[in-house]
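Note that the coordinates shown come from a computational prediction; the quantities given were computed from them, not determined experimentally.
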Amino acid sequence: MNTAEITLNQQSSIENLDPKKNIIIKGARVNNLKNIDVAIPRNQLVVITGLSGSGKSSLAFDTLFAEGQRMYVESLSSYARQFLGRMEKPDVDYIKGVSPAIAIEQKVSTKNPRSTVGTTTEIYDYLKLLFARTGITYSPLSGNIVRKDTVTDVVNWLFEQESGQRVLILAPLFLREGRSLQAEIQVLMQKGYTRIVVDEETLFLEELLENPTRIEELPPIDLVKNNFRILIDRLVIKKEDDGQPDEETQFRASDSVQTAFFEGSGTCYIELVGQETRVFSDRFESDGIVFEEPSLNLFSFNNPYGACKRCEGFGKVLGLDHDLIFPDHNLSVYEGAIAPWRTEKMGEWLIPLLRNGIKFDFPIHRAYKDLTEQEKALLWTGNEYFSGLNAFFQMLETETHKIQFRVLLSRYRGRTTCPDCQGSRLRKDAGYVKINGKSIIDLVLMPISEVTEFFEKLELPDYQMELSKRIVQEIQNRLDFMSRVGLGYLTLNRLTSTLSGGEFQRIKLATSLGSALVGSMYILDEPSIGLHPRDTQRLVSVLESLRDLGNTVIVVEHEEEVMRVANQIIDIGPDAGSHGGQLVFQGNYEQLSDAQVTEIQSHTINFLTGKDSIPVPKFRRKSTAFIDIKGARENNLKNLDVKFPLGVLTVVTGVSGSGKSTLIRKVLFPALGRHLGTFTDETGKFTELSGSLNRIEAVEMIDQNPIGKSSRSNPVTYIKAYDQIRLLYSEQAISKNRGYKPAHFSFNVDGGRCETCQGEGEVTIEMQFMADVRLKCESCGGKRFKQEILDVKYQEKDIAEILDMTVDEAIILFSKEDPKLADKLIPLQEVGLGYIKLGQSSSSLSGGEAQRVKLASFLGKGNSSKGKTLFIFDEPTTGLHFHDIKKLLKAINALVEQGDSVIIIEHNMEVIKSADYIIDLGPEGGNQGGYITFAGTPEDMVKEGNSFTATFLKEKL
């Protein structure tokens with residue numbers, strides 16, 4: 001049966017389908033699913049779409065993945081299985097044909113400060129192996145290759161000499177364990193040696209012992225020149241007629257050289273009589289330095305052996321922050337560029353520099369930003385005319401018993417890149433090991449696109465290539481997948497915890513591709529999040545690769561590009577919450593235009609066929625006030641000067657990795673926060689913040705971070721509506737009779753909550769070898785409260801039933817009896833969250849949902865800075881269907897209409913076309929990004945049309 005035949009009317013024939021060719025779900029009722037039957041063809045790319053809250057995730061994750069995971073655990077030990085009786089099966093009649101399931105969600109699940117892009121993708125593990133096997137160590141002094149000599153190397157060199165050449169094999173003489181020279185000579189005699197050579201004079205040990213005064217007359221032992229040497233052996237080079245070494249001589253030479261290495265603690269001298277003396281060492285040394293031999297641990301920053309000693313493998317230390325010491329790069333040294341030397345007392349350190357600068361040609365009137373690197377370094381090191389900043393801060397360190405010096409020192413300290421390892425986390429000598437001129441430190445600090453190029457051009461000697469062929473292939477495959485999912489701009493050293501949800505998801509996708517599993521079921525949660533339309537096309541090719549390996553790829557997605565190439569589209573709806581959960585359409589993209597299909601009530605079909613759309617605004621709002629950021633140069637930003645208009649809707653866009661998040665999240669938001677006194681963390685590097693700053697009283701970052709860290713946090717408590725609901729219940733007649741206060745209706749404090757689960761509704765069982773299992777509390781049945789509290793009813797509903805209602809249902813319930821409470825909930829409905837439950841745990845909300853709950857809290861009444869707030873949204877369309885984007889834009893425009901300013905970081909063309917002003921960064925990601933390619937209205941952008949964004953925007957206007 002082909003995909004086109006599996007249509008809406010499949011329910012009657014679903015029992016007849018072959019589970020080897022289809023994953024068959026019969027009677028799915030999880031969350032809001034309405035007893036639906038679905039057949040998903042195996043080894044195909046399937047997109048599940050529909051409105052936010054329609055039941056897509058319930059079908060993909062809570063039904064399919066949950067069953068796949070449960071079946072996996074069932075195959076494990078009896079220890080795991082003892083919990084399975086209590087581990088709930090998805091509410092479904094049956095599921096057949098499920099493969100091993102792998103879920104790749106958006107959440108960045110690690111905050112580990114040691115987890116990097118390189119370790120997460122396993123590329124770093126292969127790099128360590130490659131450098132340990134084939135890396136060549138170079139001396140930092142001479143640049144010579146560091147190598148150790150083996151007995152074979154020495155013997156081979158000996159037999160390269162002419163036949164008949166007389167040879168002395170010597171070892172340096174050391175006095176051991178506090179012995180005198182006489183005692184050492186005695187020990188050598190006992191070992192069977194007969195001669196030593198002192199300053200090229202050969203002496204017999206027996207004669208020396210017979211004449212102790214002769215020993216006293218010998219010069220002192222020089223450990224640098226090794227003037228005392230033990231004569232291990234004397235031999236003559238002999239060769240056969242065909243030029244091959246004489247076997248007996250070869251064996252003798254080998255034994256003697258090995259003995260020389262042992263006696264000489266790794267050093268052996270070979271003297272060709274009448275010619276040269278050559279030194280051999282079986283220690284890994286050069287230029288008088290003994291180096292560490294390449295090994296896996298040498299390149300591991302998670303191992304004490306390989307980690308940088310100063311930062312212990314974290315890459316950051318508490319050190320002097322250059323941007324706090326030189327806060328304004330436009331000032332010259334004369335004008336006070338050096339902040340700690342601005343006061344009258346500390347200014348005494350500056351006076352010698354100002355007076356004597358002319359003597360060593362230092363430009364005291366030139367702006368700090370225009371100084372050369374050598375001149376900037378001189379400010380730190382100083383010279384004979386003045387003491388530099390290093391000496392100044394060393395003085396402060398010695399005076400820390402005085403509180404004023406401790407305060408002064410703390411003012412200029414921050415978390416800075418470790419000066420020893422330059423942020424690479426590895427010990428310094430790991431950088432001496434190189435392959436084709438690059439060390440592992442160089443590679444992890446390069447963008448992945450450049451590392452890919454390095455490995456494409458990699459040339460190794462034949463024997464080394466044979467040794468590391470498989471490793472290089474694994475590295476190249478993984479790098480290729482990283483580029484294909486649009487992450488070529490990241491470095492392997494980038495912390496995993498600093499990635500966005502979309503970036504982390506695509507890293508896990510690339511890792512899955514690298515492991516090349518076959519016959520699995522991959523379930524992905526909107527992998528196109530955070531991707532510019534240019535990069536979405538690359539992502540599609542990756543999903544197709546995953547499918548072509550022989551996997552079933554199920555993608556929860558709203559992106560039109562992904563739907564076009566899917567073998568099947570499954571549309572769940574027609575609306576959200578209780579009005580969703582039905583199978584509205586199943587088929588491929590071509591079938592959407594069928595007359596029969598277009599009659600179906602589906603928001604997805606309406607948007608894809610053009611029946612519904614988001615209109616282009618009739619006019620663009622103009623702004624007269626701006627906030628200026630000058631000299632932004634954090635990460636890949638190229639010293640940008642940017643104007644952000646106030647009182648309008650501004651969209652910051654550009655390809656993935658072009659610098660959007662850096663500009664807004666690391667520069668603008670912290671800079672404004674510091675100006676307003678609401679933000680204390682470090683800001684990105686920039687020169688100046690200016691403009692109409694008096695127009696802004698508050699700045700709010702509405703991102704996708706969870707709205708609460710606790711599992712008790714939920715939407716109704718976040719928007720401050722739960723206090724009113726508890727008050728309402730405490731005013732009921734039965735509550736007054738029993739003396740219940742509002743606190744009795746809280747699941748956060750003792751009193752009315754179930755004490756078994758402490759108001760959680762679930763208990764957590766720790767599994768020693770896998771993720772903890774969360775099970776419904778048996779005492780309260782997941783209702784969170786004691787039975788006597790549940791006796792209190794309002795409109796025939798107890799408090800647990802109210803928390804289980806959706807926002808839409810609660811608004812209908814409260815609108816007649818308590819309009820004020822309904823008003824508090826309406827903002828949630830306006831941002832398209834009418835389908836979420838009032839008591840739903842914050843941890844179960846997606847990033848996009850959490851973001852819209854935050855937006856709803858600002859749309860509610862009571863914002864003291866109304867009309868003077870700058871709202872910053874980081875990809876608010878995450879997880880949103882076209883229909884919901886329409887609602888979201890209405891809510892965001894409501895903020896602009898009340899006088900507030902809005903800046904959105906976004907790739908979605910529907911939002912970009914609705915902006916009053918666009919700032920486009922690019923032209924590429926990583927090092928090739930960080931420039932402003934355009935600033936102006938959408939219409940002007942399309943006219944200029946010289947960026948990737950303009951190309952895609954043209955289709956929408």
Inset, instruction - Please tell me if the side chains of K820 and D818 come closer than 4.5 Å, counting only heavy atoms from C-beta onward. - result: yes

Inset, instruction - Grab the two heavy atoms, one from L825 and one from A810, that are nearest each other, plus how far apart they are. - result: CD1-CB, 3.8 Å

Legend entry - Heavy-atom closest pair, residues F785 and L790: CB-CD2, 4.0 Å

Inset, instruction - For the pair S857 (side chain) and I719 (backbone), establish whether a donor and an acceptor sit closer than 3.5 Å, ignoring hydrogens and angles. - result: no

Inset, instruction - Calculate, to the nearest 0.5 Å, the distance between atoms OG1 and NE2 belonging to T878 and H558 respectively. - result: 11.0 Å

Inset, instruction - Without swapping roles, check the side chain of S520 against the backbone of Y522 for a donor-acceptor pair under 3.5 Å. - result: no

Legend entry - Residues K854, D703: salt bridge by 4.0 Å N-O rule: yes

Legend entry - Interatomic spacing from NZ in K736 to OG in S730 - rounded to 0.5 Å: 8.0 Å

Inset, instruction - Report yes or no: do N908 and E906 form a side-chain donor-acceptor pair below 3.5 Å? - result: no

Legend entry - Working for side chain to side chain contact (heavy atoms under 4.5 Å, CB included), residues F858 and I702: CA-CA 10 Å; F858 289 108; I702 303 179; 3.7 Å; yes

Inset, instruction - Can you measure from CD1 (I799) to OH (Y740) and round to the nearest 0.5 angstrom? - result: 13.0 Å

Inset, instruction - Evaluate the side-chain proximity of P527 to I104: yes if any heavy-atom separation is below 4.5 Å, no if none is. - result: no

Inset, instruction - Please test D723 against L727 for side chain to side chain contact (heavy atoms under 4.5 Å, CB included), starting from the C-alpha separation and ending with a verdict. - result: CA-CA 6 Å; D723 295 344; L727 189 64; over 6 Å; no

Inset, instruction - Say whether, by atom type as modelled, one donor and one acceptor occur between the side chain of T511 and the main chain of I507 under 3.5 angstrom. - result: yes

Inset, instruction - Looking only at non-hydrogen atoms, find the nearest pair between L838 and I802 and report the distance. - result: CD1-O, 3.6 Å

Inset, instruction - Report yes or no: does S528 contribute a side-chain atom to a donor-acceptor pair with the main-chain N or O of L531 at less than 3.5 Å? - result: no

Inset, instruction - Give a yes or no on this: more than 12 heavy atoms of other residues, nucleotides or ligands lie within 6.0 Å of atom NZ of K890. - result: no

Legend entry - Criterion side chain to side chain contact (heavy atoms under 4.5 Å, CB included) against I570, the qualifying member of I40, V584, V556: I40

Legend entry - Heavy-atom check, side chain of E817 versus side chain of Y794, under 4.5 Å: yes

Legend entry - Spacing of L524 atom CG and I102 atom CD1 [to the nearest 0.5 Å]: 10.0 Å

Inset, instruction - Please answer whether the main-chain N or O of A721 pairs with a side-chain N or O of Q724 as donor and acceptor at a distance below 3.5 Å. - result: no

Legend entry - Residue pair L649 / V911, side-chain heavy-atom distance below 4.5 Å: no

Inset, instruction - Quick one: closest heavy-atom pair of S914 and I614, and the distance? - result: OG-CG2, 4.2 Å

Legend entry - Carboxylate-amine/guanidinium proximity below 4.0 Å for R29 and D91: yes

Inset, instruction - Give the intermediate values and the outcome of side chain to side chain contact (heavy atoms under 4.5 Å, CB included) for residues E526 and E557. - result: CA-CA 5 Å; E526 295 201 66; E557 187 57 270; 3.9 Å; yes

Legend entry - Residues E778 and T756: side-chain donor-acceptor under 3.5 angstrom: no

Inset, instruction - Apply side chain to side chain contact (heavy atoms under 4.5 Å, CB included) to the pair E67 and I25, showing each step before the final yes or no. - result: CA-CA 11 Å; E67 179 65 6; I25 303 168; over 6 Å; no

Legend entry - Side chain proximity check, I903 to L870, heavy atoms < 4.5 angstrom: yes

Legend entry - Side-chain (R738) to main-chain (I789) donor-acceptor, under 3.5 angstrom: no

Legend entry - Distance, nearest 0.5 Å, that separates SG of C777 from NZ of K783: 12.5 Å

Inset, instruction - Please report the closest heavy-atom contact between A60 and I523, naming both atoms and the distance. - result: O-CD1, 3.4 Å

Inset, instruction - Give a yes or no on whether the backbone of A822 and the side-chain of S815 come within a donor-acceptor separation of less than 3.5 Å. - result: no

Legend entry - Test item: L803 and Y722 side chains (from C-beta on) under 4.5 Å apart, heavy atoms: yes

Legend entry - Heavy-atom donor-acceptor pair, E760 side chain to C757 backbone, under 3.5 Å: no

Legend entry - H603-D571 side chain donor-acceptor pair, cut-off 3.5 Å: no

Legend entry - Backbone N/O of S841 and side chain of N714: donor-acceptor pair under 3.5 Å: no

Inset, instruction - Indicate yes or no for a side-chain donor-acceptor contact from R753 to the backbone of N748 under 3.5 Å, with no hydrogens or angles considered. - result: yes

Inset, instruction - Would you please say whether a donor-acceptor pair under 3.5 Å links the side chains of T604 and H881? - result: yes

Legend entry - NZ (K886) with more than 12 external heavy atoms under 6.0 Å: yes

Legend entry - Residue pair Q568 / Q586, side-chain heavy-atom distance below 4.5 Å: yes

Inset, instruction - Would you mind reporting whether N32 and Y835 have side-chain heavy atoms less than 4.5 Å apart? - result: no

Legend entry - Closest contact, heavy atoms only, E910 versus L889: O-CD1, 4.1 Å

Legend entry - Over 12 foreign heavy atoms within 6.0 Å of NZ, K741: no

Inset, instruction - Would you give the length of the straight line joining atom CG of L583 to atom CG of L33, rounded to the nearest 0.5 angstrom? - result: 10.0 Å

